[in-house]
There are 2 protein chains.
Amino acid sequence: MSRHQKRVTLEEVARVAGVSRATVSRVVNGVTSVDENIRQTVERAISTTGYLPNLAARALVTRRADAIALVLPSENRIVGDPFFTRIVRGVSTVLRPLGVHLVLMMTGADTGEQVIADLRQGRLDGVILVHTYQADPLPGLLVRNRQPVVLSARPAEPIPITYVDVNQTAGGALAAEHLVARGCRRVATITGSLDRPPGQDRLAGFRDAMAESGQPGVVSVEGDFTRESGAAAMERLITEHPDVDGVFIASDLMAEGALPVLRRHGRAVPDDIAVVGFDDSSAALSCDPPLTTVRQPVEDMAAEMARQLLRQVEQVDTPVRSVIFEPSLVVRQSA
Amino acid sequence: MSRHQKRVTLEEVARVAGVSRATVSRVVNGVTSVDENIRQTVERAISTTGYLPNLAARALVTRRADAIALVLPSENRIVGDPFFTRIVRGVSTVLRPLGVHLVLMMTGADTGEQVIADLRQGRLDGVILVHTYQADPLPGLLVRNRQPVVLSARPAEPIPITYVDVNQTAGGALAAEHLVARGCRRVATITGSLDRPPGQDRLAGFRDAMAESGQPGVVSVEGDFTRESGAAAMERLITEHPDVDGVFIASDLMAEGALPVLRRHGRAVPDDIAVVGFDDSSAALSCDPPLTTVRQPVEDMAAEMARQLLRQVEQVDTPVRSVIFEPSLVVRQSA
DNA sequence: CAGTTACGCGAGAGCGCTCTCACCCGTCAC
DNA sequence: GTGACGGGTGAGAGCGCTCTCGCGTAACTG
């Protein structure tokens, strides 16, 4: 087990078991056409020698790295967003049992070339791209090169690419319905970045559902998903529209920034203003009061991304597919 | 570049350049003893063919995976803690330029075997262990097997292992000095788990510094680093010692739990009671008011961990070493 | 009982790279 | 002019694995 101990190879195991290298390889890889007695002999030899296959050698011939990359935006906004931890956890549940490594990359100047090079050099089998920015050329590049890739949300440009998303529109509607059911009459919303699909769709879903409930043209203030932008947007909202009694904030993180602003303005939550967030991140729990929020099944979605990616790795030219998960409302004390 | 394009090998480049495989290999690996003219010919051949070395093949002979693992606790307390993101970022800054992959693992039932297997199978060159739990056998196991490993904090058991830590004692002292300078006269502390080095050291540093400032025997209540324990400890503290005017809470997360308790008891922060946290996690920012806290230079520490690990990979039996970073005080509104 | 089939195993050829070692040739000393 | 020397190159032997292909044996058919 030490680094210096002579390494056990297939050859060695074969010698101990008195069979050929090929047969040991079959046993190791679970090929069924091996005689039961021989299989047992080999397995005994494997455990007495403490054999473990050298994966570099295997990778050389199978052309599989058994590793995929998870590319995360390195922007500050993600610092403190548990979203990414949940992604990692979800992806891991699928990868771990298969022995596939999860290689983490934060986007930087050269992430694109880096990823492409790794793919070509056989160090990576595929890529999961999380929250790519609007003009990121990487998704298109990967698709064009027919490399296995999955996106964490609907791409901004309509390119043929597999992605997993939550039904953002339905999420917005969920928030609207809850606020209406609570009896809020002057409802507003703090949106996410409107240059991105999630920001757009949450707003659209919310606005349409409000309109259907007889409150068309709700007030909206744009944020950018960060805590600070949530605070700033709320400041503006409460100043310009002091009479709002319910607000849908397109991310928990922004809500976390917004709540102290309400308190400072002497507004009680939920009695004066009801607040509904989005994400059900841990931020929702650390809010005071705990946040009623729209939950995305992030772990499940991440696991699905991993599965979709592995399908592509397994078989080239797997048809493009999109999987949409349904959000749900988690009712706590803020609304 | 496509997955199906015939791959360019050293052989191919050698043919194009009219030299041997060995010479191309020399050029690729920057061996200096190559004639300048030949080097240029080869480099031209490399770029016209679009050659990229197959890293699996290289790994097979060099016995280097060019990948290291970052093992993170999967406990909930890390979810939402930007600490994690900062670690990744710091480690990446060192790894990225060297082309070393960062493989992420969340601790689970079989993490230990997994890591050891990966190390033995040549998929991993070394491991960075972040926040191992008290009785984790993994550090000892790795050390015994002389595998490259670095810990993110002083190990609970005194085993010969390289680690990077912050000067916890100095951090506690920093908090004490700030409270004293603010004019607090009846100071207390909510500690972390006292069975762990950070909990012990922060308390010791705080207590000693208070004593030096003329306030020996400060009141302390033990927590366990969780938000809930922070709330419970504060409840006890405020009940048993209603006259405290300053408190050092050994983690931001506990402080986050404690602040609403103070509010409920009608205490204004910082006017009635000044509060200093520890970590400068995002929790510190989401507190109301934002938390004055002791900051660890996490990115720098993470980068140092990566460097220490690579040293060990580079050269077996590198002497064990510990690197201690100095904390700093981030003053916000709570104290 | 001969001829066919099926099945399980072993031999061996790579996968693409690194690295040792021998060789060649130009330079220098004697 | 011969021998020693040394820098620079190429041949070739692996690294440890997978996988095709062919052969031997056992089972089955007519």
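In what follows, every chain begins at residue 1, and chains take the letters A, B, ... in the order their sequences are listed.
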inquiry  = It should be established whether R63(A) places a side-chain nitrogen or oxygen under 4.0 Å from OP1 or OP2 of nucleotide dG16(C).
reply    = yes
key: Rounded to 10 degrees, the angle between the two terminal axes of the helix from dC1(C)-dG30(D) to dC30(C)-dG1(D), each from five pairs   = 50°
query = Are V115(B) and Q147(B) side-chain neighbours, meaning at least one heavy-atom pair lies under 4.5 Å?
reply = no
ask   = Only one of I161(A), V150(A), L142(A) forms a side chain to side chain contact (heavy atoms under 4.5 Å, CB included) with L129(A), so which one is it?
value = L142(A)
inquiry  = So R7(B) and R63(A), do their side chains get closer than 4.5 Å, heavy atoms only?
reply    = yes
key: Given dC19(C), dC15(D), dC17(C), the nucleotide with the shortest approach to the side chain of A22(B)   = dC19(C)
inquiry  = From CD of Q121(A) over to P of dC17(C), roughly how many Å is that when rounded to an integer?
reply    = 10 Å
note = Which of V130(B), V127(B), I128(B) passes side chain to side chain contact (heavy atoms under 4.5 Å, CB included) with V71(B)? Answer is V127(B)
message = In whole Å, I'd like the distance from the CD atom of E11(B) to the C1' atom of dA11(D).
response = 12 Å
inquiry  = Among dC19(D), dA11(C), dC15(D), which nucleotide has an atom closest to any side-chain atom of S20(A)?
reply    = dA11(C)
message = What I want to find out is whether E314(A) reaches R311(A) closely enough, with some N-O distance under 4.0 Å, to be called a salt bridge.
response = no
ask   = Tell me, which of residues 28-36 of chain B have any heavy atom that sits under 4.0 Å from an atom in DNA chain D?
value = S33(B), V34(B), D35(B)
request  = Could you tell me the separation between the CG atom of D66(B) and the C1' atom of dC17(C), rounded to a whole number of Å?
outcome  = 14 Å
Nearest-angstrom distance from the residue atom CG of L52(A) to C1' of dG16(D) = 13 Å
task = Can you figure out which of dT18(D), dT9(D), dT18(C) approaches the side chain of T62(B) most closely?
result = dT18(C)
remark   = Between CZ of R15(B) and C1' of dG16(C) the distance, given in whole Å, is 15 Å
task = For I38(A), answer base if it contacts any base atom (sugar-phosphate contacts may also be present), sugar-phosphate if it contacts only those atoms, and nothing otherwise; contact means non-hydrogen atoms under 4.0 Å.
result = sugar-phosphate
query = If we only count heavy atoms from C-beta on, is the R154(B) to S322(B) side-chain gap below 4.5 Å?
reply = no
key: L60(B) side-chain proximity, nearest of dC17(C), dG10(C), dC15(D)   = dC15(D)
note = Per nearest nucleotide of DNA chain D, the residue lying toward the 5' end, R26(A) or R21(B), is R21(B)
ask   = Separation of R7(B) atom CZ from dG14(C) atom P, in whole Å?
value = 16 Å
task = Let me know the distance between CG of L55(A) and P of dG16(C), rounded to the nearest Å.
result = 19 Å
message = Is there a side-chain contact between Y163(B) and I324(B) in this structure, where contact means two heavy atoms from C-beta onward sitting under 4.5 Å apart?
response = yes
ask   = Do D66(A) and R123(B) sit within salt-bridge range, that is, some charged N less than 4.0 Å from a carboxylate O?
value = no
key: L104(A) and L72(A), any side-chain heavy atoms less than 4.5 Å apart   = yes
task = Mind calculating the distance between CG (N54(A)) and C1' (dT18(D)) to the nearest angstrom?
result = 13 Å
task = Please tell me if the side chains of V149(A) and T162(A) come closer than 4.5 Å, counting only heavy atoms from C-beta onward.
result = no
message = Counting only side-chain heavy atoms from C-beta out, which of dC9(C), dG16(D), dT18(C) sits nearest to V61(A)?
response = dG16(D)
inquiry  = Measuring from the side chain of L10(B) (C-beta onward, heavy atoms only), which nucleotide among dT9(D), dC17(C), dG16(C) has the closest atom?
reply    = dC17(C)
